[in-house]
Amino acid sequence: MTGRSRENYNKNYIRYVNSFDPPTKHFKTCLHAFMVGGFICAIGQFFRFMLEYAGLSGDVLAGTVSVILIFLGTLLTGLGVYDRIGRNAGAGSIVPITGFANSVCSPAVEFKTEGYVYGMAAKMFIVAGPIIVFGVSAGAAVGIIYWLIAI
């Protein structure tokens with residue numbers, strides 16, 4: 001095949017593939033992702049206001065809201081709800097804290113049948129990477145040690 005005929009072949013193939021692919025509605029998709037991401041952030045802000053009203057402030061308030069959002073992201077992933085949200089919302093569901101919780105929890109749920117060590121524990125590292133898992137684990141360990149010392 002010559003260069004000119006190969007280029008023509010590629011254009012025809014692209015045209016053929018695109019004939020089966022429905023056109024993407026970019027504005028609608030972006031708007032939907034923005035709305036879902038904003039709603040997730042509004043839920044976090046709601047918890048922040050409620051906990052602030054309850055008397056928390058500063059780092060304790062920020063940490064508590066973060067823990068609540070991580071818990072909700074993990075719970076919804078375990079129940080299979082977060083996957084449906086992600087399918088419909090696209091990038092809007094990858095709001096950093098709940099998206100990270102989902103990316104750590106979903107491989108653990110998926111490979112649970114392989115056992116606790118080789119399935120859940122080992123497969124958590126696939127998507128989110130060891131930095132997130134070690135960071136969360138180290139943060140929890142330091143928090144427990146600090147709590148035990150403070151008592």
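This structure is a prediction, so every number in the text was calculated from the model and none was measured.
The environment of CG in Asp59 is sparse: at most 12 heavy-atom neighbours from other residues, nucleotides or ligands sit within 6.0 Å. Around CE of Met50, the count of heavy atoms belonging to other residues, nucleotides or ligands within 6.0 Å exceeds 12.
Within the model, atoms CG of Leu75 and CG of Leu79 stand 4.5 Å from one another, a figure rounded to the nearest 0.5 Å. The CG atom of Leu61 sits 4.5 Å away from the CZ atom of Arg48 when rounded to the nearest 0.5 Å. Considering CG of Leu72 and OG1 of Thr77, their distance stands at 10.5 Å, rounded to 0.5 Å.
Defined by atom type and a distance below 3.5 Å, a donor-acceptor pair is present between the side-chain atoms of Asn12 and Arg15. Of the N and O atoms on the side chains of Tyr82 and Thr74, not one donor lies less than 3.5 Å from an acceptor on the other residue.
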(request) Quick one: do Thr64 and Leu56 satisfy side-chain contact (heavy atoms from CB on, under 4.5 Å)? Show the steps, please. (result) CA-CA 9 Å; Thr64 306; Leu56 295 179; 3.9 Å; yes
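By the 30° and 60° cut-offs, the orientation of the rings of Tyr13 relative to Tyr16 is tilted.
A distance-only check finds no donor-acceptor pair linking the side chain of Ser93 to the backbone of Ala89 [under 3.5 Å].
For the pair Asn102/Asp83, a side-chain contact is recorded, criterion being any heavy-atom separation below 4.5 Å from C-beta on.
Hydrophobic clustering of Ile, Leu, Val, Met, Phe, Trp and Tyr side chains at less than 4.5 Å, counting indirect connections, keeps Ile94 apart from Phe71.
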